[in-house]
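One structure is given below, encoded as structure tokens.
By convention in this document, chain letters (A, B, ...) are assigned in the order of the sequence lines, proteins followed by strands, and residues within each chain are numbered from 1. What you see is a predicted model, and the numbers here were worked out from it, not measured in a lab.
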Amino acid sequence: MSERRVRVRFAPSPTGPLHMGGVRTALYNYLFAKKHGGDFLLRVEDTDQTRYVKGAEDYILEALKWCGINPDEGVGAGGDCGPYRQSERKEAGIYKEYAFKLVEDGFAYYAFDTSEDLTNMREMAEKAKMPNWQYNNITRTSMKNSVSLSEDEVTKRLDAGDPFVIRLKMPRNEEVRFHDEIRGWVIVNTNNMDDKVIYKADGMPTYHLANIIDDHLMNISHVIRGEEWLPSAPLHVLLYRYLGWEDTMPKFAHLSLILKPNGNGKLSKRDGDKGGFPVFPLEWNAPDGAVSSGYKENGYFPEAFINMIAFLGWNPGTAQEIFSLEELTEAFTLERVGKSGAKFDPDKAKWFNQQYLRNKSNTELAQLLMPIIAEEKLDVCIEYVAEVCELIKERATFITDILEEGRYFFEDVSAYDEKTLKKKWKEDTPTIMQELLVELKSIEEFTTENIETKFQAYLEKNEYGFGKVGPGFRLLVTGKGMGPSMFHICSVLGKEYVLDRMEKGLVKIEALKAEA
RNA sequence: GGCCCGUUCGUCUAGGGGUUAGGACACAUGGUUUUCAUCCAUGAAACAGGGGUUCGAUUCCCCUACGGGCUACCA
């Protein structure tokens with residue numbers, strides 16, 4: 001067989017925000033396409049108007065954009081196979097003819113049973129201890145459809161405009177097999193499959209039909225999708241066969257699900273709320289006003305998020321863990337995608353972010369920090385922020401940690417760490433601080449080295465250990481009990497500021513002490 | 001319940017008929033650091049169970065258990 005152009009698609013339903021699992025599916029599709037020089041399409045599967053959620057489609061588009069997963073074709077990108085929204089394709093009359101053709105060819109039939117009929121049937125079956133009633137190749141003979149009803153009756157109903165659906169006529173006792181790129185051969189007997197509705201009473205195709213038609217019309221070569229589709233894959237194979245498209249049927253690859261960090265089950269929105277981590281790439285404001293947090297808003301870099309997601313169920317087989325999108329594209333293969341579900345680990349997610357943060361230059365970090373600083377109306381220049389980043393970077397996971405950890409670089413000290421105050425602020429500390437203040441005042445050039453030299457000289461002169469002077473000094477200047485080198489902090493802060501803080505701090509702390 | 005898929009340290013995983021079963025996160029200990037973080041070193045930690053096949057199975061096959069998915073005129 002000649003090499004077919006790789007064309008894959010990500011086909012979400014706009015029923016809510018895209019969650020991590022969806023992003024991973026999109027990512028793997030994207031990586032696979034790029035790896036093989038193919039196309040990545042975005043198709044919106046909005047055949048169920050009752051589940052349509054306003055804003056969801058925009059959200060999906062924005063989320064993918066933030067992740068750097070840009071479609072070559074599809075909604076928001078254009079292309080020759082449009083429209084790419086299934087609702088619009090339905091309006092264009094794309095699906096109807098195929099549904100009816102299936103009936104004509106004897107592979108499907110009209111069914112007139114109403115939803116109530118079906119519900120009643122299921123309830124009756126349940127009472128008769130048949131808990132799982134299905135509309136299938138046995139039960140269909142006792143239902144109202146073009147298989148059981150006379151031809152006259154069917155025509156009469158059709159002419160009268162009775163609502164109907166089209167169901168696939170599942171054959172009796174046939175083995176349907178297909179090769180999954182990740183799982184190998186999957187074989188299912190048609191006796192275990194039901195007569196799925198492929199065309200709804202409202203004139204919309206169901207997922208199954210629309211999906212097959214669109215994939216065929218859009219020349220999709222590989223279907224990479226979630227495990228939840230594995231059970232219906234045989235149905236899809238049958239649909240390709242009955243439509244006469246089996247020779248160009250795409251290859252299938254079913255991805256395992258992302259599971260909850262602890263406990264069982266797939267990751268859901270609630271797990272994030274409970275575990276204190278996001279499950280969505282971007283913050284989602286639901287129409288009902290509920291807000292779900294996003295990775296972006298939590299300070300994650302998109303590259304780190306993507307990297308982390310990629311490793312949930314895939315690995316390169318080497319020790320390398322940090323991969324740019326380009327490197328992922330280079331390294332990605334379906335063969336190295338795992339078969340089993342992966343429990344999501346929020347700690348590892350943080351670790352990825354930390355790695356990326358550390359690899360960014362101080363200027364880069366400062367640039368990212370400036371908007372946040374502006375929001376807080378703090379008046380500093382970018383060069384100063386970069387210097388702060390240099391000092392705080394090593395102890396930050398998120399960009400905002402730099403601001404929080406290094407608060408004292410931007411604002412006066414308003415509170416003093418109680419523990420340090422209690423343990424390290426002794427009777428003679430104020431005197432020592434006064435003396436240190438004088439020493440610092442005498443420094444001409446307020447550089448890290450000069451401050452350190454002066455400080456050490458002072459210790460030596462009085463035969464003090466560092467522990468006698470250091471903690472009080474830090475407390476006075478930063479309000480904290482720990483942090484980066486004091487000499488660095490002071491040189492960044494500048495002489496005036498440091499002296500001022502010490503003087504004011506001495507007064508404040510003495511007042512606090514007197515109070516206590 | 002039925003059907004389908006899966007099962008290596010707590011977690012993500014590598015590996016694969018004969019290995020001291022490797023790495024990463026998290027954890028613990030020690031070192032560096034005035035402190036915290038970083039960094040470095042070290043440690044603890046796994047082949048779900050039972051049957052086969054085989055000289056030999058964690059690896060191949062079967063069964064069981066467990067986990068997951070599906071079982072809509074939802075995707």
Side-chain angles (χ1 to χ4, degrees), chain A residues 11-16 45-51 86 111 113-115 118-119 122 129-135 163-167 180 182-184 186-189 191-194 196-208 210-211 225-234 254 256-257 259 261-266 308 311-321 336 338-352 354 358 391-397 401 405 420 424 455 459 465-471 473-474 480-487:
Chain A
S13 289
T15 55
E45 309 221 330
D46 55 350
T47 52
D48 185 3
Q49 62 277 76
T50 63
R51 292 216 306 161
Q86 289 185 331
D113 320 271
T114 63
S115 302
L118 296 175
T119 314
R122 290 197 177 96
K129 289 186 181 161
M130 305 265 300
N132 203 278
W133 186 85
Q134 286 196 316
Y135 206 122
F164 66 90
V165 300
I166 294 175
R167 287 180 180 269
D180 187 279
I182 294 171
R183 289 152 203 277
V186 177
I187 305 157
V188 182
N189 190 293
N191 288 355
N192 295 317
M193 296 160 69
D194 61 344
K196 275 273 178 296
V197 170
I198 55 175
Y199 194 77
K200 299 187 260 188
D202 64 359
M204 277 280 193
T206 60
Y207 169 86
H208 305 294
N211 194 262
R225 76 228 298 193
E227 194 182 31
E228 68 269 28
W229 296 111
L230 194 51
S232 47
H254 292 273
S256 58
L257 270 16
L259 277 14
N262 30 36
N264 304 318
K266 66 175 174 184
M308 179 271 288
F311 268 70
L312 244 33
W314 172 87
N315 77 83
T318 66
Q320 187 183 348
E321 288 194 274
R336 296 207 65 89
K339 297 192 221 315
S340 51
K343 283 189 182 181
F344 170 65
D345 181 0
D347 279 330
K348 190 89 185 205
K350 284 185 184 169
W351 178 81
F352 271 110
Q354 193 186 33
R358 209 176 285 173
L391 289 190
I392 310 285
K393 190 172 165 176
E394 288 300 307
R395 60 207 79 211
T397 299
D401 290 347
E405 274 292 310
T420 315
K424 307 283 181 178
F455 187 88
L459 287 189
F466 195 100
K468 187 140 181 90
V469 189
F473 183 31
R474 180 183 296 282
K480 295 187 171 232
M482 52 206 172
S485 152
M486 274 313 292
F487 313 122

Item checked: Any A:Asn132 side-chain heavy atom under 4.5 Å of A:Gln134 side chain -> yes

Exercise. Look at all strands and tell whether A:Val197 reaches a base, only sugar-phosphate, or nothing, counting heavy atoms closer than 4.0 Å.
Key: sugar-phosphate

Heavy atoms under 4.0 Å, any strand shown: does A:Gly483 hit a base, just sugar-phosphate, or nothing?
-> base

Review point. Checking all strands, does A:Asp202 fall into the base, sugar-phosphate, or nothing category for heavy-atom contacts under 4.0 angstrom?
Key: nothing

| query | How far, in whole Å, is B:G69 from B:C9 if one measures between their C1' atoms? | reply | 26 Å

Remember a base hit wins even if backbone is also touched, and classify A:Ser115 as base, sugar-phosphate or nothing at under 4.0 Å, heavy atoms. base

*asked:* If you compare every side-chain N and O of A:Asn315 against the phosphate oxygens of B:A14 (OP1, OP2), does one of them come in below 4.0 Å?
replied: yes

Original post:
A:Asp347 near the nucleic acid: base, sugar-phosphate alone, or nothing, with a heavy-atom cut-off under 4.0 Å?
Top reply: sugar-phosphate

*When the C1' atoms of B:C36 and B:A45 are considered, how many whole Å apart are they?*
28 Å

Short N/O separations, protein against nucleotides 46-49 of chain B, under 3.5 angstrom:
none

Looking at A:Lys266 and A:Glu227, is there a salt bridge between them, counting it only when a charged N and a carboxylate O are closer than 4.0 Å? no

Each nucleotide N or O in nucleotides 57-68 of chain B that has a protein N or O under 3.5 Å away: list the pair and distance.
residue, atom, partner, partner atom, Å
B:G68, OP1, A:Gly265, N, 3.4

Measuring to OP1 and OP2 of B:U13, would you say a side-chain N or O of A:Arg336 lies under 4.0 angstrom away?
no

Separation between OG1 (A:Thr420) and NZ (A:Lys480), nearest 0.5 Å, reads 10.0 Å

Item to complete: Determine the contact category for A:Ala342: base if any of its heavy atoms lies under 4.0 Å from a base atom, sugar-phosphate if only primed atoms, P, OP1 or OP2 are that close, otherwise nothing.
Response: sugar-phosphate

For A:Glu45 and A:Pro14 the tightest heavy-atom approach is O-CD, 3.7 Å

Quiz item: Which of parallel (below 30°), tilted (30 to 60°) and perpendicular (above 60°) describes A:His208 and A:Trp229?
Solution: perpendicular

**Prompt:** Looking at A:Thr47, does any N or O in its side chain come under 4.0 Å of the phosphate oxygens OP1/OP2 on B:A75?
**Reply:** yes

| request: Name the nucleic acid region contacted by A:Pro484, choosing base, sugar-phosphate or nothing; use a 4.0 angstrom heavy-atom cut-off, strictly under. | output: base

(request) Determine the Euclidean distance between corresponding C1' atoms of B:G16 and B:C74; express it in Å to zero decimal places. (result) 42 Å

Review point. Which whole number of Å gives the distance between the C1' atom of B:U32 and that of B:C39?
Key: 8 Å

Atom CG of A:Asp194 and atom C1' of B:C4 are separated, to the nearest Å, by 14 Å

Heavy-atom side-chain proximity of A:Asp113 to A:Phe164 below 4.5 angstrom: no

* Does a salt bridge link A:Glu321 with A:Lys348, judged by any charged N lying under 4.0 Å from a carboxylate O? -> yes

What's A:Met486 touching, base or sugar-phosphate or nothing? Going by heavy atoms closer than 4.0 Å.
base

The Watson-Crick or G-U wobble partner of B:U59, with both key distances under 3.5 Å, is none

How far, in whole Å, is B:A48 from B:C12 if one measures between their P atoms? 13 Å

Re B:C3: Watson-Crick or G-U wobble partner, both distances kept under 3.5 Å, found to be B:G69

Taking B:G23, B:A75, B:C5 as options, the one with an atom nearest any side-chain atom of A:Ala319 is B:G23

B:A21 -> Watson-Crick or G-U wobble partner, both distances under 3.5 Å, gives none

Comparing nearest nucleotides in RNA chain B, the 5'-proximal residue of the pair A:Glu321, A:Arg167 is A:Glu321

Tightest non-hydrogen contact, residues A:Tyr135 and A:Asp194, listed as O-CB, 3.3 Å

- Is A:Gly465 touching bases, backbone alone, or none of the nucleic acid, heavy atoms closer than 4.0 Å? nothing

**Prompt:** Do A:Pro205 and A:Ile198 have side chains that get closer than 4.5 Å, going by heavy atoms?
**Reply:** no

May I ask you to say what A:Thr318 touches in the nucleic acid, namely base, sugar-phosphate or nothing, with a heavy-atom cut-off under 4.0 Å? nothing

Discussion item. Taking 4.0 Å as the cut-off, does a side-chain nitrogen or oxygen of A:Arg51 come that near to OP1 or OP2 on B:C73?
Written reply: no

### Task
Could you tell me whether the side chain of A:Tyr199 reaches within less than 4.5 Å of the side chain of A:Thr206, counting heavy atoms only?
no

Check your understanding: Do the side chains of A:Lys196 and A:Ser232 get nearer than 4.5 Å, heavy atoms only?
Key -> no

- Message: Base, sugar-phosphate or nothing for A:Glu405? Non-hydrogen atoms, less than 4.0 Å.
- Response: nothing

Closest to the side chain of A:Glu228, out of B:C4, B:C73, B:A75, is B:A75

_Under 4.0 Å between a side-chain nitrogen and a carboxylate oxygen: does that hold for A:Lys343 and A:Asp345?_
no

**Message:** Distance check, C1' atoms only: B:U54 and B:U58, in whole angstrom units.
**Reply:** 15 Å

Item checked: Distance, P atom - from B:A41 to B:A57, rounded to whole angstrom -> 38 Å

Per atom distances to the A:Lys343 side chain, the nearest of B:U34, B:U11, B:C36 is B:U11

Q. Taking the six-membered ring for Trp, are A:Phe455 and A:Phe487 parallel (under 30°), tilted (30 to 60°) or perpendicular (over 60°)?
A. perpendicular

Pairwise P distance, B:U19 and B:U59 [rounded to whole Å]: 14 Å

In Watson-Crick or G-U wobble terms, with both distances under 3.5 Å, the base opposite B:C9 is none

Ranking A:Val188 and A:Gly317 by the position along RNA chain B of their nearest nucleotide, the one closer to 5' is A:Val188

| query | When all nucleic acid strands are considered with a 4.0 Å heavy-atom cut-off, which category describes A:Phe311: base, sugar-phosphate, or nothing? | reply | sugar-phosphate

Applying the 3.5 Å cut-off to both distances, the Watson-Crick or G-U partner of B:U38 turns out to be none

Quick one: is B:A75 close enough that its OP1 or OP2 comes under 4.0 Å of any side-chain N or O from A:Lys200?
yes

The nucleotide from B:A26, B:A75, B:G6 with an atom nearest the side chain of A:Glu45 is B:A75

